[in-house]
A.B. asks: 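This is the structure, below, for whatever I ask next.
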Amino acid sequence: MIKIVKPNPTHRAVREPALKQPAKRMSVRVRFAPSPTGALHIGGVRTALYNYLFARKNGGTFILRIEDTDQNRYVPGAEQYIIEALKWTHLIPDEGVGFGGDLGPYRQSDRKEIYQKYARELVRLGHAYYAFDTPEALEGLRAGEANFTYNFRTRTGLSNSLTLSADAVQQHLDAGTPCVIRLKVEPEQAIRIEDLIRGEVVFQSNELDDKVLLKADGMPTYHLANIVDDHLMGITHVIRGEEWLPSTAHHVLLYRGFGWEDTMPKFAHLPLILKPEGNGKLSKRDGAKFGIPVFPLAWAGQTAEDSFPGFRETGFLPEATVNFLALLGWHPGGEQEIFSMDELAQAFSIEHIGKSGARFDYEKAKWFNQRYIQAADNRALATSIRPLAEAKGYRSDEEFLVRSAALMKERVTFLPDFVEQGYYLFEPVRTYDNEMIGKKWNPALQPHFEALIEHVEAQTTFEASALEESLKEFMHGRSLKAGDILPLLRLALAGTMKGPAVFDMAAVLGKTETVRRLQTALAYFLGA
RNA sequence: GGCCCGUUCGUCUAGGGGUUAGGACGCAUCCCUUUCACGGAUGAAACACGGGUUCGAUUCCCGUACGGGCUACCA
């Protein structure tokens with residue numbers, strides 16, 4: 001693997017192109033670049049996953065860059081949330097905020113001066129210009145004409161360094177008049193993009209507006225920051241959501257303007273994740289609407305409306321979450337459904353990413369989780385169950401949890417189900433299935449049941465198969481059918497007809513507890 | 001409105017000029033099991049529509065419809 005060492009970009013002269021190596025000889029470098037405006041949406045996790053898998057597949061580098069250039073939308077804690085979410089899903093960046101790396105800083109608010117320098121450079125090169133129009137003035141224009149755009153047609157009648165005299169511009173700059181820097185889009189150009197997922201996409205520059213590159217507060221917009229950073233960080237492939245496709249033409253113009261087109265990254269625009277029902281892309285509000293998590297981790301916002309449950313808290317295993325997400329919009333062909341992270345990385349290719357939006361299928365997500373729980377090691381499950389048991393004040397010793405996990409793993413969907421559906425392994429029966437008791441119990445059974453309790457009490461070993469053998473012998477001796485006694489035994493131990501094999505439950509519960517439950521149940525049966 | 005993207009079972013998808021259009025989730029039935037699950041088997045279920053091109057289109061091209069995204073000094 002050839003590692004290209006680059007000098008610190010902040011010390012580099014602006015006009016020098018940073019990277020001259022042909023793209024094909026560079027090792028793959030991809031970035032996940034979320035904005036810390038709140039909890040990371042599950043779609044964002046999928047974007048991170050695809051970037052991660054692409055990097056892994058190609059022996060490349062996966063970078064986390066925080067795009068916090070909008071000071072108004074900054075949400076405290078969001079950055080930490082993003083990092084924690086990536087860790088939970090095992091999408092560990094090789095470089096980035098919180099992960100080191102030589103091409104930082106990786107937080108855009110820490111790179112403000114860099115963008116300003118490049119923005120001015122683009123003005124000098126004639127591909128950008130200062131604009132002094134106030135936001136209010138532009139709003140007024142939009143109010144008058146709904147389709148108003150700041151472009152090659154309208155800019156000649158507006159207040160900017162293209163229409164003002166050099167002196168007037170200098171005066172404004174000296175006086176510190178608030179201004180932005182805009183991209184100067186030249187008309188009559190066709191901009192072709194070779195998208196790795198969609199093929200050729202063509203835009204006409206006449207349709208494009210003169211995007212703001214540097215805002216009046218000195219911060220760059222996404223468009224400028226993204227190009228400057230991708231270039232300085234040596235990004236080879238931009239894998240991002242489809243919502244960015246329309247602005248990619250502007251991005252290409254920026255690469256051209258800076259003279260970086262020969263090292264421009266390749267683009268791959270991912271299809272969106274759609275709502276479970278109805279139209280449109282999955283949004284955070286859909287979580288409450290459909291009663292499903294749409295975030296990897298729970299998020300506690302300022303208000304109840306801004307607080308959301310997460311996959312983790314719902315009881316999803318990270319591996320199942322990743323597997324589910326990976327197949328939402330991508331499939332390698334073939335008939336395999338269950339993939340480990342290594343297998344995903346091995347099988348991954350951008351060519352197999354679908355073009356159309358993928359509906360968020362929660363039933364499928366549940367199925368994956370169930371499969372992963374079934375396949376999980378009992379001891380690993382015990383570790384996951386322990387905090388849940390402790391939270392309820394249940395016993396949580398290793399061996400007991402391991403045995404409980406073994407009994408319940410094939411009938412749960414989520415981690416908390418172990419202590420909720422299977423609560424009777426941890427605490428006495430809360431409610432009995434009266435309908436079933438009505439069907440199975442009759443007073444004539446009382447002496448047999450009493451004898452059963454004695455019989456159980458007399459057991460020397462308390463292991464499932466021995467117990468089963470012994471009880472079957474007991475029933476045979478009294479001419480009782482399994483159907484006469486076993487359902488009642490189950491009801492006594494669990495209160496419900498659902499659950500693990502009775503003898504397994506008895507063994508896990510232990511003799512003392514089993515006898516106690518039989519006694520309690522008998523009293524209940526007699527009273528019922 | 002304008003620009004851009006998309007459309008195979010209900011859902012996620014495989015496939016690709018000639019296939020009984022394959023798999024998975026979900027659903028239904030059956031088997032296993034004196035519980036519930038797991039597992040196994042079977043079944044119902046799809047190429048949006050209209051024109052081309054072609055001996056032949058679900059597959060290629062063009063329209064239409066429908067869906068989606070973008071259209072900020074947000075990302």
Side-chain angles (χ1 to χ4, degrees), chain A residues 33-37 67-73 108 131 133-135 138-139 142 146-150 178-182 193 195 197-199 201-204 206-209 211-223 225-226 240-249 269 271-272 274 276-281 324 327-338 352 354-368 370-371 374 407-413 421 433 436 440 481-487 489-491 494 496-502 505:
Chain A
S35 192
T37 54
E67 309 225 331
D68 58 345
T69 55
D70 187 347
Q71 297 168 325
N72 300 318
R73 291 214 304 158
Q108 291 186 328
D133 318 273
T134 64
L138 295 177
E139 267 168 43
R142 288 199 185 93
N147 290 329
F148 170 80
T149 38
Y150 208 121
C179 71
V180 300
I181 291 179
R182 284 182 182 269
I193 294 152
D195 188 273
I197 294 171
R198 284 149 218 289
V201 181
V202 185
F203 295 90
Q204 299 302 324
N206 288 20
E207 309 283 351
L208 271 31
D209 65 330
K211 284 245 178 296
V212 170
L213 302 177
L214 198 71
K215 300 182 266 188
D217 66 0
M219 278 292 199
T221 58
Y222 171 86
H223 309 292
N226 154 57
R240 79 230 297 191
E242 192 182 15
E243 67 269 26
W244 294 111
L245 188 52
S247 58
T248 305
H269 287 96
L272 268 15
L274 276 18
E277 294 166 28
N279 302 330
K281 68 173 174 180
F324 164 65
L327 263 34
L328 208 54
W330 170 81
H331 199 281
E335 288 171 2
Q336 188 177 348
E337 299 279 336
I338 302 295
H352 280 106
K355 291 180 169 71
S356 50
R359 206 171 278 276
F360 187 82
D361 184 357
Y362 193 59
E363 291 304 316
K364 192 80 171 255
K366 281 157 68 174
W367 176 76
F368 274 112
Q370 194 182 310
R371 288 293 303 263
Q374 270 176 49
L407 293 199
M408 292 301 295
K409 69 197 278 190
E410 287 190 337
R411 46 210 109 218
V412 301
T413 303
Q421 285 182 24
D433 179 344
M436 205 60 201
K440 289 296 173 184
K481 284 177 292 184
D484 296 330
I485 288 297
L486 261 24
L489 187 51
R490 166 175 300 285
L491 254 7
T496 167
M497 289 306 288
K498 297 179 178 182
V502 260
M505 278 197 287

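What's counted below: heavy atoms across the whole structure, side chains too, no hydrogens, waters or symmetry copies. Order of the sequence lines fixes the chain letters, A, B, ..., with proteins taken first and strands second; residue numbering starts at 1 for each chain.
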A.B. asks: Would you measure the distance from the C1' atom in rA45(B) across to the matching atom in rU11(B) and give it in whole Å?
C.D. replies: 12 Å
A.B. asks: Sort out the partner of rG6(B) for me: Watson-Crick or G-U wobble, both distances under 3.5 Å, none otherwise.
C.D. replies: rC66(B)
A.B. asks: Just how far is it from atom CD1 of Ile197(A) to atom CD of Glu242(A), taken to the nearest 0.5 Å?
C.D. replies: 9.0 Å
A.B. asks: For atom P, what is the distance between rG52(B) and rU13(B), given to the nearest Å?
C.D. replies: 33 Å
A.B. asks: With 3.5 Å as the limit, what N/O pairs link the protein to nucleotides 62-66 of chain B?
C.D. replies:
none

A.B. asks: Counting only Watson-Crick pairs (N1-N3 plus N6-O4 or O6-N4) and G-U wobbles (N1-O2, O6-N3), all under 3.5 Å, who is the partner of rA44(B)?
C.D. replies: none
A.B. asks: Searching all strands shown, indicate the nucleotide that pairs with rA37(B) (Watson-Crick or G-U wobble; both distances under 3.5 Å).
C.D. replies: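 Its partner is none (no Watson-Crick or G-U wobble pair with both distances under 3.5 Å).
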A.B. asks: Considering only the C1' atoms, how many Å lie between rA37(B) and rC49(B), rounded to the nearest integer?
C.D. replies: 45 Å
A.B. asks: If only atom types and distance count, is the side chain of Ser35(A) paired as donor or acceptor with the main-chain N or O of Thr37(A) below 3.5 Å?
C.D. replies: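 Answer holds: no.
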A.B. asks: Any protein N or O atoms within reach of nucleotides 42-48 of chain B? Criterion: under 3.5 Å, listing atom names and distances.
C.D. replies:
none

A.B. asks: Only counting residues at least two apart or in another chain, list the ones meeting salt bridge (Lys or Arg N to Asp or Glu O under 4.0 Å) with Glu335(A).
C.D. replies: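 Checked Glu335(A) against salt bridge (Lys or Arg N to Asp or Glu O under 4.0 Å); zero matches.
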A.B. asks: For nucleotides rU59(B) and rC47(B), find the distance between their P atoms and express it as a whole number of Å.
C.D. replies: 12 Å
A.B. asks: In chain order, what residues pass the side-chain contact (heavy atoms from CB on, under 4.5 Å) check against Gln204(A), with sequence neighbours excluded?
C.D. replies: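 Gln204(A) satisfies side-chain contact (heavy atoms from CB on, under 4.5 Å) with Ala190(A), Val202(A), Glu207(A) only.
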A.B. asks: Any N or O donor-acceptor pair under 3.5 Å from the base of rC36(B) to the side chain of Arg411(A)?
C.D. replies: yes
A.B. asks: Can you tell me how far C1' of rA24(B) sits from CD of Gln336(A), to the nearest Å?
C.D. replies: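 That distance rounds to 12 Å.
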A.B. asks: Please identify each residue that fulfils side-chain contact (heavy atoms from CB on, under 4.5 Å) with Glu277(A), with sequence neighbours left out.
C.D. replies: Phe290(A)
A.B. asks: Provide the distance between the two C1' atoms, one in rA46(B) and one in rC30(B), to the nearest whole Å.
C.D. replies: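 Per the computed distance, 26 Å lies between those C1' atoms.
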A.B. asks: Please list, chain by chain and in numerical order, all residues satisfying side-chain contact (heavy atoms from CB on, under 4.5 Å) with Leu245(A), sequence neighbours excluded.
C.D. replies: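 So Leu245(A) forms a side-chain contact (heavy atoms from CB on, under 4.5 Å) with Asp195(A), Arg198(A), Thr248(A), His269(A).
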A.B. asks: Find every protein N or O atom lying less than 3.5 Å from an N or O atom of nucleotides 28-32 of chain B, and list the pairs.
C.D. replies:
none

A.B. asks: Base, sugar-phosphate or nothing for Glu410(A)? Non-hydrogen atoms, less than 4.0 Å.
C.D. replies: base
A.B. asks: Touch check for Lys481(A), heavy atoms < 4.0 angstrom, all strands: base, sugar-phosphate only, or nothing?
C.D. replies: base
A.B. asks: Atom pairs under 3.5 Å, N or O on each side, protein against nucleotides 12-16 of chain B: can you list them with distances?
C.D. replies:
unit_1, atom_1, unit_2, atom_2, d
rC12(B), OP1, Arg359(A), N, 2.8
rC12(B), O2', Leu327(A), O, 2.8
rU13(B), OP1, Gly329(A), N, 2.6

A.B. asks: Work out how far the C1' atom of rG15(B) is from that of rG50(B), and round it to whole angstrom.
C.D. replies: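 Each nucleotide's C1' atom is 25 Å from the other's.
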A.B. asks: If you measure from the C1' atom in rG69(B) to the same atom in rC74(B), how many Å do you get, rounded?
C.D. replies: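 Here rG69(B) and rC74(B) have their C1' atoms 15 Å from each other.
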A.B. asks: What residues, two or more places apart in sequence or in another chain, satisfy salt bridge (Lys or Arg N to Asp or Glu O under 4.0 Å) together with Asp70(A)?
C.D. replies: Arg73(A)
A.B. asks: Using purine N1 to pyrimidine N3 plus N6-O4 or O6-N4 for Watson-Crick, or N1-O2 and O6-N3 for G-U wobble, both under 3.5 Å, which nucleotide pairs with rA24(B)?
C.D. replies: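 Partner of rA24(B): rU11(B).
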A.B. asks: So, using salt bridge (Lys or Arg N to Asp or Glu O under 4.0 Å) as the criterion, who are the partners of Lys366(A) when residues are at least two apart?
C.D. replies: Glu363(A)
A.B. asks: Which part of the nucleic acid, if any, lies within contact of Ala365(A), taking any heavy atom under 4.0 Å across all strands shown: a base, the sugar-phosphate backbone alone, or nothing?
C.D. replies: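 The residue Ala365(A) makes no contact with any strand.
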A.B. asks: If you check the Asn279(A) side chain, which of rG26(B), rG67(B), rC38(B) turns out closest?
C.D. replies: rG67(B)
A.B. asks: Now, which nucleotide makes the Watson-Crick or G-U wobble pair with rG1(B), with each of the two distances under 3.5 Å?
C.D. replies: rU71(B)
A.B. asks: Tabulate protein N/O versus nucleotide N/O from nucleotides 72-75 of chain B, keeping only pairs under 3.5 Å, one per line.
C.D. replies:
unit_1, atom_1, unit_2, atom_2, d
rC73(B), OP2, Arg182(A), NH2, 3.3
rC73(B), O2, Ala216(A), N, 2.7
rC73(B), N4, Asp133(A), O, 2.9
rC73(B), N4, Pro135(A), N, 3.4
rC74(B), OP2, Lys215(A), NZ, 3.2
rC74(B), O2', Asp70(A), OD2, 2.7
rC74(B), O2', Arg73(A), NE, 3.2
rC74(B), O2', Arg73(A), NH2, 3.4
rC74(B), O2, Arg73(A), NH2, 3.2
rA75(B), OP1, Thr69(A), OG1, 2.8
rA75(B), OP1, Lys215(A), NZ, 2.7
rA75(B), OP2, Tyr222(A), N, 3.1
rA75(B), O3', Glu67(A), OE1, 3.3

A.B. asks: Heavy-atom nearest nucleotide on RNA chain B for Lys498(A) versus Val201(A): which residue maps closer to 5'?
C.D. replies: Val201(A)
A.B. asks: Describe the nucleic acid contact of Val412(A) in one word from base, sugar-phosphate, nothing, applying a heavy-atom distance below 4.0 Å.
C.D. replies: nothing
A.B. asks: Just by modelled atom types, is the Leu328(A) backbone N or O under 3.5 Å from a matching donor or acceptor in the Lys364(A) side chain?
C.D. replies: no
A.B. asks: Give me the distance, rounded to whole Å, that separates rU7(B) from rU58(B) when you measure between the C1' atoms they each carry.
C.D. replies: 12 Å
A.B. asks: Touch check for Gln204(A), heavy atoms < 4.0 angstrom, all strands: base, sugar-phosphate only, or nothing?
C.D. replies: nothing
A.B. asks: According to the interplanar angle, ranging from 0 to 90°, do the rings of Tyr362(A) and Phe360(A) count as parallel (below 30°), tilted (30 to 60°) or perpendicular (above 60°)?
C.D. replies: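 Because their plane-to-plane angle is under 30°, the rings of Tyr362(A) and Phe360(A) count as parallel.
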A.B. asks: Nearest whole Å is fine: how far is rG2(B) P from Tyr150(A) OH?
C.D. replies: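 After rounding, the gap between these two atoms is 26 Å.
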A.B. asks: Relative to the ring of His223(A), is the ring of Trp244(A) parallel (under 30°), tilted (30 to 60°) or perpendicular (over 60°)?
C.D. replies: perpendicular
A.B. asks: List in chain and number order the residues that pass ring-ring contact (aromatic ring centres under 6.0 Å, His included) with Phe203(A), two or more places apart in sequence or in another chain; answer none if no residue qualifies.
C.D. replies: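 By the ring-ring contact (aromatic ring centres under 6.0 Å, His included) rule, Phe203(A) matches no residue at all.
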A.B. asks: Within the 4.0 Å heavy-atom criterion, would you say Phe203(A) contacts the bases, only the backbone, or no part of the nucleic acid?
C.D. replies: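 Sugar-phosphate contact only.
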A.B. asks: Counting heavy atoms from C-beta on, name the nucleotide in rG69(B), rC5(B), rG2(B) closest to the side chain of Pro246(A).
C.D. replies: rG69(B)
